[in-house]
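For reference, the structure discussed in these notes is given below.
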2 protein chains.
Amino acid sequence: MAAECLAMRSRLIGRTVTGIYDDALRPVGVTAGQLNILAVVVRRGPISPGEVARRLNIEKSTMSRTVERMKRNAWLEISPGESARSQELRITKAGRRVLEEAEPMWREAQRRAREILGSSGVEAIHQLAAAIRERTAWAQ
Amino acid sequence: MAAECLAMRSRLIGRTVTGIYDDALRPVGVTAGQLNILAVVVRRGPISPGEVARRLNIEKSTMSRTVERMKRNAWLEISPGESARSQELRITKAGRRVLEEAEPMWREAQRRAREILGSSGVEAIHQLAAAIRERTAWAQ
DNA sequence: CTCGTTGTGATGTATATACAACTGACAGCG
DNA sequence: CGCTGTCAGTTGTATATACATCACAACGAG
């Protein structure tokens, strides 16, 4: 069982790859997940947490807590959105700085990950992720 | 960046696949990771936590806490090992029962996961995991 | 034998994650 | 207008995970 469990194996891959990025990003103190959120927020201007979560296929509760940490770090600014029940996220100066500092490191991590996974591995991951996102799109 | 980050994508895959197993296993109250530990312990007789962790490529601290939970559930029994600094894990009757009940569900989850990932996806995951394990073997 | 090193686990602290339950706000319906 | 259902976000609770550090035992060199 342990020799073939797909859950264990895909988590192993996830842990390993995440480790590469988190190692690289440690000097900046941002995680891969947080960096991706920053990237989405900077790109899409003021955007609601829920929208970011949908774009990144993240649970809303995970998003809520991650945003909280990023706000604590003053990387994100949160203001009430159009309707009183929604919010708007904006990147702050500090957030922008983090993003700029982190980008080359992210690039380096991406390079190292490619190296470790091999081009077929990289392709497989992109393909699988795309398939999952498509499949989940229907649920949203 | 968000469109191509390998860390995000591999974690997405891991989350999705894990979700399939955890859904299937929920009635028994065991997670995929715990089930794998049970499988290793039942197979390898009395075995130390460290050894299990090495076999499953799990951090020793993660292992320590997972074992604690499984002990709390009375699925595992912990006794002092040969040397005073090591321990021996044994599966209990309750643990065996869980394993038996869970196995068909695990099989079903595995089937569903295969279905979702497709045969090329399954192959890619096995291949990547194998490569990572090999690569890490050197570090151990 | 003593000291420094290494192996095994435990623990502190922090993030990511899930699911369920909850709150508040809105929107449509009767 | 008042209900009812839905949407956005939060919070409770639990697991998985990482890294650093600690405690302790065991081992090996001198």
Side-chain angles (χ1 to χ4, degrees), chain A residues 7-8 10-27 29-37 47-54 56-73 76 78-89 136 140, chain B residues 7-8 10-26 29-37 47-54 56-73 76 78-89 136 139-140:
Chain A
M8 292 305 285
S10 40
R11 281 223 308 284
L12 171 60
I13 297 167
R15 288 201 305 273
T16 305
V17 176
T18 297
I20 296 170
Y21 288 74
D22 286 348
D23 272 1
L25 295 172
R26 192 152 307 134
V30 67
T31 66
Q34 294 169 357
L35 189 60
N36 272 282
I37 292 176
I47 184 176
S48 72
E51 181 58 22
V52 176
R54 269 187 297 278
L56 296 176
N57 288 89
I58 289 175
E59 258 288 306
K60 62 180 182 168
S61 62
T62 302
M63 183 69 192
S64 177
R65 287 181 243 242
T66 302
V67 164
E68 188 196 329
R69 283 180 211 112
M70 295 176 75
K71 179 177 137 194
R72 211 188 304 141
N73 288 343
L76 288 184
I78 304 167
S79 45
E82 314 249 323
S83 66
R85 73 184 169 193
S86 72
Q87 304 173 339
E88 276 181 355
L89 302 180
T136 328
Q140 283 165 15
Chain B
M8 293 306 283
S10 40
R11 280 223 309 284
L12 170 60
I13 296 167
R15 286 200 307 271
T16 306
V17 176
T18 296
I20 296 170
Y21 288 75
D22 286 348
D23 271 2
L25 295 172
R26 192 153 305 134
V30 67
T31 66
Q34 295 169 357
L35 189 61
N36 272 283
I37 292 176
I47 184 176
S48 72
E51 181 59 22
V52 176
R54 270 187 297 277
L56 295 177
N57 288 88
I58 290 174
E59 259 287 306
K60 61 180 185 169
S61 63
T62 303
M63 183 69 192
S64 175
R65 286 181 242 242
T66 302
V67 164
E68 188 195 330
R69 283 180 211 113
M70 295 176 74
K71 179 178 136 193
R72 212 187 304 139
N73 288 342
L76 288 184
I78 304 167
S79 44
E82 313 247 325
S83 66
R85 75 185 167 192
S86 73
Q87 303 173 338
E88 276 180 354
L89 301 180
T136 329
Q140 283 167 14

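Just so it is clear, the model here is predicted, and its values are computed rather than measured. By convention in this document, chain letters (A, B, ...) are assigned in the order of the sequence lines, proteins followed by strands, and residues within each chain are numbered from 1.
Among the protein residues, B:Glu68 comes within range of no part of the nucleic acid, since none of its heavy atoms lies under 4.0 Å from any strand. Nucleic acid contact class of A:Thr62 (heavy atoms, under 4.0 Å, all strands): base. Using a 4.0 Å heavy-atom criterion, one finds that A:Ser86 contacts the sugar-phosphate atoms exclusively. Base engagement by B:Arg65 is indicated by at least one non-hydrogen atom pair under 4.0 Å involving a base atom. Residue B:Gln87 is classed as a sugar-phosphate contact, given heavy-atom separations below 4.0 Å to backbone atoms only. Residue contacts for A:Gly50: at a heavy-atom cut-off of 4.0 Å it reaches the sugar-phosphate backbone alone, with no base atom in range.
Listed by chain and residue number, B:Arg11 satisfy the side-chain hydrogen bond (donor to acceptor under 3.5 Å, both in side chains) test with A:Thr18 (two or more places apart in sequence, or in another chain). Residues satisfying the side-chain hydrogen bond (donor to acceptor under 3.5 Å, both in side chains) test with B:Asn73, not counting sequence neighbours, are none. For A:Arg26, the side-chain hydrogen bond (donor to acceptor under 3.5 Å, both in side chains) partners are A:Asp23, not counting sequence neighbours. Under the salt bridge (Lys or Arg N to Asp or Glu O under 4.0 Å) criterion, B:Glu59 pairs with no residue, sequence neighbours left out. With sequence neighbours left out, B:Glu51 forms a side-chain hydrogen bond (donor to acceptor under 3.5 Å, both in side chains) with B:Arg54, B:Arg55. Residues satisfying the side chain to side chain contact (heavy atoms under 4.5 Å, CB included) test with A:Ser64, not counting sequence neighbours, are none. Remark: B:Ser83 pairs with B:Arg85, B:Ser86 by the side chain to side chain contact (heavy atoms under 4.5 Å, CB included) rule, at least two apart or across chains.
Proximity of residues 14-25 of chain B to DNA chain C (heavy atom under 4.0 angstrom from any strand atom) is restricted to B:Arg15, B:Asp23.
Side-chain atoms of B:Arg54 lie closest to C:dT8 of the nucleotides C:dC19, C:dT8, C:dG9.
Rounding to whole angstrom units, CD1 of residue B:Ile58 and P of C:dT8 are separated by 16 Å. In this structure, CG of A:Asn36 is placed 10 Å from P of C:dT17, rounded to the nearest angstrom. Computed from coordinates, the A:Gln34 CD to C:dT15 P distance equals 7 Å when rounded to whole Å.
Comparing A:Arg11 and A:Val67 along DNA chain D, the residue whose closest nucleotide (by nearest heavy atom) sits nearer the 5' end is A:Val67. If you find the closest nucleotide of DNA chain D to A:Arg26 and to B:Thr31, the one lying nearer the 5' end belongs to B:Thr31.
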N/O to N/O distances under 3.5 Å, protein versus nucleotides 22-25 of chain C:
residue, atom, partner, partner atom, Å
C:dA25, N3, A:Arg85, NH1, 3.2

Protein-nucleotides 1-4 of chain C N/O pairs closer than 3.5 Å?
none

